[in-house]
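Note sheet for the following structure.
The chains referred to below are lettered A, B, ... by the order of the sequence lines, with proteins before strands, and numbering in each begins at 1.
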Amino acid sequence: MIEDWPATPDEAVALQLRMAPLVDPRPPAGFAPRTAAGLDVAYDEDRLAAAVVVLDIASLETVDQVVVPGVTDFPYVPGLFAFRELPALLGALERLTTSPDLLICDGQGVAHPRRFGLASHLGVVTGLPSIGVAKTPMGHYDPPGPERGDWTELTDGGDVVGRALRTQREIKPLFVSIGHRIDLDTACAQVLRLAPKYRQPETTRRADHLCREALVLDR
DNA sequence: GCGACAG
DNA sequence: ATCTTGTCGC
């Protein structure tokens, strides 16, 4: 499934440079996502659990979920985060009953040194529209206003790569960037819609809870 | 050369 | 990511 999987950081960087041009910032024709999947991974030593939870965007009800166990192959290296989580997340995605319309990822999309963070990598590999939602920025930004929905640009090397988006009043913003096949306005609107009550989107919250629980039960 | 650097 | 106490609020 995953050809030429890198064994070293140098190979991983080379793969990102080859794949970054494959990111398509244009949404599919008539894009109107009905479901969104949250993806997250939890760790315990060399074990991990990857979870995907699919929500109906309108009702925020869970319509499908999968969690799979795995092992950590790749060390955590800033900029190469995807190589740690991608294999397990793809395995979980394959086991879903239905294909989600949109992927909400825990990390950067194009707000990344090589414009190819986890969300972009997942989007390109699956062909699905994807959004990167990170808790910490990779780039520079000025603090947005205090209200829910307030935002400022996230920049890197002179490029606008995403937004610092406040999802709750006076709560630290999230850092949203496009992953693949979506535009930044739509990405931010979807994140806001999915986060009516807490800082993080419901998709991410449920996937987080699910993989943590699985890690404990599998032990 | 030194610091910064998603989870 | 994970480690952690008490504390505030619904």
Side-chain angles (χ1 to χ4, degrees), chain A residues 6 9-10 12-13 15-17 19-20 23 38-53 67-90 92 103-125 130-141 153-165 167-180 184 187-188 191 196-201 203-216 218-219:
Chain A
D10 279 354
V13 168
L15 184 58
Q16 289 180 329
L17 292 172
M19 293 184 75
V23 168
L39 304 88
D40 196 23
V41 179
Y43 300 85
D44 178 46
E45 302 287 302
D46 53 350
R47 294 187 311 124
L48 62 79
V52 181
V53 178
V67 59
V68 299
V71 290
T72 52
D73 296 300
F74 214 89
Y76 168 66
V77 180
L80 300 180
F81 177 53
F83 298 93
R84 223 172 137 66
E85 306 205 332
L86 202 66
L89 289 174
L90 288 175
L103 264 28
I104 308 294
C105 309
D106 195 1
Q108 317 288 359
V110 300
H112 174 276
R114 290 168 291 283
R115 307 292 179 264
F116 201 68
L118 174 66
S120 295
H121 206 143
L122 273 166
V124 167
V125 169
S130 65
I131 301 173
V133 179
K135 298 180 286 296
T136 310
M138 267 186 141
H140 304 294
Y141 73 102
E153 289 179 336
L154 177 62
T155 61
D156 179 41
D159 298 337
V160 174
V161 294
R163 289 179 189 167
L165 176 66
T167 55
Q168 296 299 323
R169 179 178 189 166
E170 278 159 359
I171 295 299
K172 179 181 170 158
L174 287 175
F175 302 89
V176 179
S177 56
I178 68 161
H180 185 57
L184 192 50
C188 288
V191 169
K197 191 167 169 61
Y198 300 101
R199 180 187 182 219
Q200 292 273 15
T203 38
T204 302
R205 298 187 73 245
R206 288 180 207 173
D208 180 81
H209 294 163
L210 182 58
C211 59
R212 288 198 200 200
E213 174 189 48
L215 212 48
V216 176
D218 240 49
R219 159 191 168 178

Can you name the atoms? Protein N/O to nucleotides 1-9 of chain C N/O, anything below 3.5 Å, with the distance.
| unit_1 | atom_1 | unit_2 | atom_2 | d |
| --- | --- | --- | --- | --- |
| C:dA1 | OP2 | A:Lys135 | NZ | 2.9 |
| C:dT2 | OP1 | A:Tyr43 | N | 3.4 |

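Taking a heavy-atom distance under 4.0 Å as the criterion, the stretch of DNA chain B touched by chain A extends 5' to 3' from B:dC5 to B:dG7.
Put simply, the side chain of A:Leu215 does not reach to within 4.5 Å of the side chain of A:Arg212, judged on heavy atoms. At a threshold of 4.5 Å between non-hydrogen side-chain atoms, the residues A:Met138 and A:Val161 do not count as touching. Between A:Val110 and A:Ser120 the shortest side-chain heavy-atom distance falls below 4.5 Å. Using a 4.5 Å heavy-atom cutoff, the side chains of A:Gln16 and A:Leu80 are in contact. The closest side-chain heavy-atom distance from A:Val53 to A:Thr203 is not below 4.5 Å. A 4.5 Å side-chain heavy-atom check between A:Leu86 and A:His121 finds at least one atom pair inside the cut-off.
Remark: side-chain polar atoms of A:Ser130 are not paired, donor with acceptor, to backbone N or O of A:Leu103 under 3.5 angstrom.
Among the heavy atoms of the strands lying under 4.0 Å from A:Leu80 is at least one base atom, whether or not backbone atoms are also near. Looking at heavy-atom distances under 4.0 Å, A:Leu118 makes contact with a base.
For the side chain to side chain donor-acceptor pair (under 3.5 Å) condition, the pairs that include at least one residue of residues 68-85 of chain A, sequence neighbours left out, are A:Tyr43-A:Glu85.
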